[in-house]
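These notes concern the structure reproduced below.
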Amino acid sequence: MNNIQKLTTMAFATTFLFAACKKDDKKIEQPQPEEQELITTIKLVVKDNAGFNKSFSYKVDNGFNNNNPGTPVVDNLELSPNKTYQVEVLVLNEAENPAEDITVEVKEESHHHLFLYKSMPATGAGSLKFSNGSKDDEGNNFNQAIELTTGEAGTGSLTVTLKHEPANKNAATADEAGGETDAEAIFPVMLK
Amino acid sequence: MYRRIIMLLLCMYSISVYAQGDCKLSVDVLVSEKHNGQPVYPLTVHIDELQREFETNEKGRFTISDICEGTYTLHFHAYSYEHAVEQVTIKKSGELKFRIGHEEHIMKEVTVATERNQTLLQDKDALNKQDIAANSGKNLADMLKNVNGVNAISNGATIAKPVIHGLHSNRIVLLNNGVRQEDQQWGGEHAPNIDPFLAGNITVVKGAASVKYGTDAIAGVVLVEPAPLRRMAGTDAELNLAGFSNNRMGVASATVNHNFKQLPALSLRAQGTFKKGGNYRVPGYWVANTGVQEADYSGAIGWNKLHYGAEVFYSHFETDLGIYRGSHTGNQADLEAAIRSDKPLVPAGFTYDIARPRQHVLHDLAKVKLYRDSKVGMFHLVYGYQHNFRQEYDVLRKEVPEAQLNVTLNTQTLNLNLEHRSIGVLAGEVGVDGVQQENFIQPGDRVFIPNYRSKGGAAYAIERYKGDDWTLEGGLRYDYRWYEMFNPEGKSQQVVRYEFDYNSVSGTLGLNKQVRDNWNVSVTASNAWRAPQPNELFSSGFHHGAARVELGDKTLKPERSYNLNVASKYSWGKLSTDLSLYTQYINNFIYLEPGADLLTIRGYYKTFTYKQTNAHLSGADITGTYAWTGKWESTLKGSFLFARTTKAKDWLILMPADRLSLNTTYKTDIGKRLQECSISIDAKYVFNQYRIPRNFDSIDYPRPPQAYFLADASIGAKLNAGKQPVYLSLSIMNIFNQKYREYLDAFRYFIDQPGTNLALRIRVPIQFNNQQKDQ
């Protein structure tokens, strides 16, 4: 019966404790809201062997708490046709000042992430081809850095998707990868 | 001590006594239920003149021996029945039969030991101790699915909450041991924090019932009531064990009751439950991260004298729940990919481990109850303190130990109730309620709903007038509720303070008539109202599972419901029927309306805004039981619901589909050692929900799942090992490993419902060398 007595005492104690201390208005602590790991920007840093070095951003400046459909600020991906470039993808939170580089975290947890690229059109004028993607810490695809080969002069689009905990690390498309989309950017492509 | 209204010693059925003429009289007493003739057990009868207490056995009987000729006052105490008093004059040995009825019948000398009495005439249905035992190990909502007209809204097999006549969450009031349960019912994935093993009886009141139970009871009320504390000297215990094959879940629960010989007023109870299950299985696949663990305990101490008493109760509920990893999708495209896939997108094996996303929820309830019988009537004073703490662990890039959401909800309630003595022809009760509540998150948490404080007060009166074969009941209640909310807004997330107050009157009017001996009809008109909840006013977050953003509206007005219910109980030979027709009009019904797509860095989301319309819900719950022979019995149940918005003249979304079920049971005794043997087969057919809004395809995809048929079976028996009874049962759910999806399951987008599940249940009631008082 010891247990019961303990329980009962506890019940009594709790009851009266609360009844007693609620008299003075206990201050409710205000939240310091913080959107967990907010991403605002996907930035492509594009280089070639001849000294070309430019970056292109896709930025959506709204998290939640905002009823308006966000308008992305997007740079046109202007590159030369029939050339090969080295691309590195950066993931940033530009709501902070200075901007927070989320890429560091993504790289630390590289086996839980996968970057995916999709070109429209897939071939021909305005298309892009991808090869030699970087590997994660377990030797599987990660693609945070990749080689990009441009097609004939023309226009198209490039979709870059960052997946978190993909089920299939060998996926070529976002659908096949499964997992959760952390960020997705669509760049207009202009090859001229 | 825990008794609800309801009963009355209705009539002394027959007193047949035979001459003897000394102090050696012996009287056999039988107490049975008026409606079905079932014995009432357990029932305590206190006889003033003898200063003794008796308890009925399972056949509803006890024997008073060696008594003298004279007049005796019998007090009847039974769980879910009212404390009733009857005087009888005993001149000879023989048999005394009492039939006790339910609340349709008037209470004359009535003392009620619970804080909130049941509205007399409202349509209701109950699960008794046997029903609860037959379903032990299930969560509360799954257990309640056995009540016609009640469904469950769920997130897979482990998280479920009850739906009464199509409505759920904040539209249902749960009374846990007489205290209104205040846990965080903000979404479909927030299940009620109640251990069903606490319950000796669970009652569902269907339809608006604000007068009795306060605001929010638009759809109905679920009353979870423990059995009364032991009143006879001695100790008893009960051990429950259950094992489930599908998720390899084990459940153990034990209760110990004690009453002191030297201090007959003092009763004690201790109870505890532990549950652990791993990933569950749908046909062909394991479902990733769907483990469950639960540990609950409770204790009660009662000091019950005949006309006054006190009781202290404390309960602790704690659970860890895994949430299917594949149900957390990034954006609309991810969700569509998951829907298109014919197998779970996250492969898994079996494990008991629970990873992110997961929930950890605590609920503590401390309650003190005092009661006193006086010339005015029976007074009850109940104070309750509830602490609810919910943690949600999101899937994060960084591996951190913290939860991303830590919400605390503290509630204090005080209720004073007087069950007054009859005033002329009127019997009834009056009372006042007070509530104080605060809800807050921790600094750094994901903003989910705003911090808020709330205070409220209410006063009510319910009176009954009893004619010969009819009862008229009327009730009125006034509620006032005040809220102070702190909502972070805009880019700088500046906290803005809001103040809201609501007040309203609600009422009930009911008539019950015993048309013939075998036909009872009741008609109830009632209303209820509900203030908009903080999530409806302020939510501005996204639902991972549904890949959508929900936006609150600060200008929402309270919801108000008007309910009309007609119930008929009719028996004819071997057939007994129970028909309940209801229609409910809800003014300012709060619902989610789809809006523009929202583009974020994660891609597109659907947005939904809380809006108001007028809704009209009508339906029928039909039960028919046919007793083929004394041993064979079949029950057919049907439940139908038509839910429409009156403004758009369209169907309401996410309403349960019509369903039919047929149960056939054979019961028999095989000798002294093997009793109450039963074999039972259940067949259930759930229709496709074709009553969906015209714009369904643009707001929800895919269409509601197809109709399905399910078959369950079970066998059970009571084994008598000497004097020790052991109850055993073996059930098999979804016998054919049927692949199906349920419209009310939020995981219908991703995975099937669970496959075959085998459950073994053992129940051992133990009596410890108790002194036999009644021989």
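Every chain is numbered from 1 and lettered A, B, ... according to where its sequence line falls, protein lines coming before strand lines.
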key: Closest approach of L345(B) to A167(A) (non-hydrogen atoms, all atoms of both residues)   = O-CB, 3.4 Å
key: E165(A) vs V346(B) side-chain heavy atoms within contact, under 4.5 Å   = no
query = Quick check: are there more than 12 heavy atoms from other residues, nucleotides or ligands sitting under 6.0 Å from NZ of K43(A)?
reply = no
query = When rounded to the nearest 0.5 angstrom, what is the spacing between CD in E336(B) and CG in D175(A)?
reply = 9.0 Å
message = With a 4.5 angstrom heavy-atom cut-off, is it the side chain or the backbone of T161(A) that approaches chain B, or both, or neither?
response = neither
query = Does a sphere of radius 6.0 Å around NZ in K135(A) hold more than 12 heavy atoms from other residues, nucleotides or ligands, not counting ones at 6.0 Å or beyond?
reply = yes
inquiry  = Please check if the number of heavy atoms outside E152(A) that lie under 6.0 Å from its CD is greater than 12.
reply    = no
message = Between A185(A) and chain B, with a heavy-atom cut-off of 4.5 Å, which part of the residue counts as in contact: side chain, backbone, both or neither?
response = neither
query = Is the closest side-chain heavy-atom distance between D334(B) and K163(A) below 4.5 Å?
reply = yes
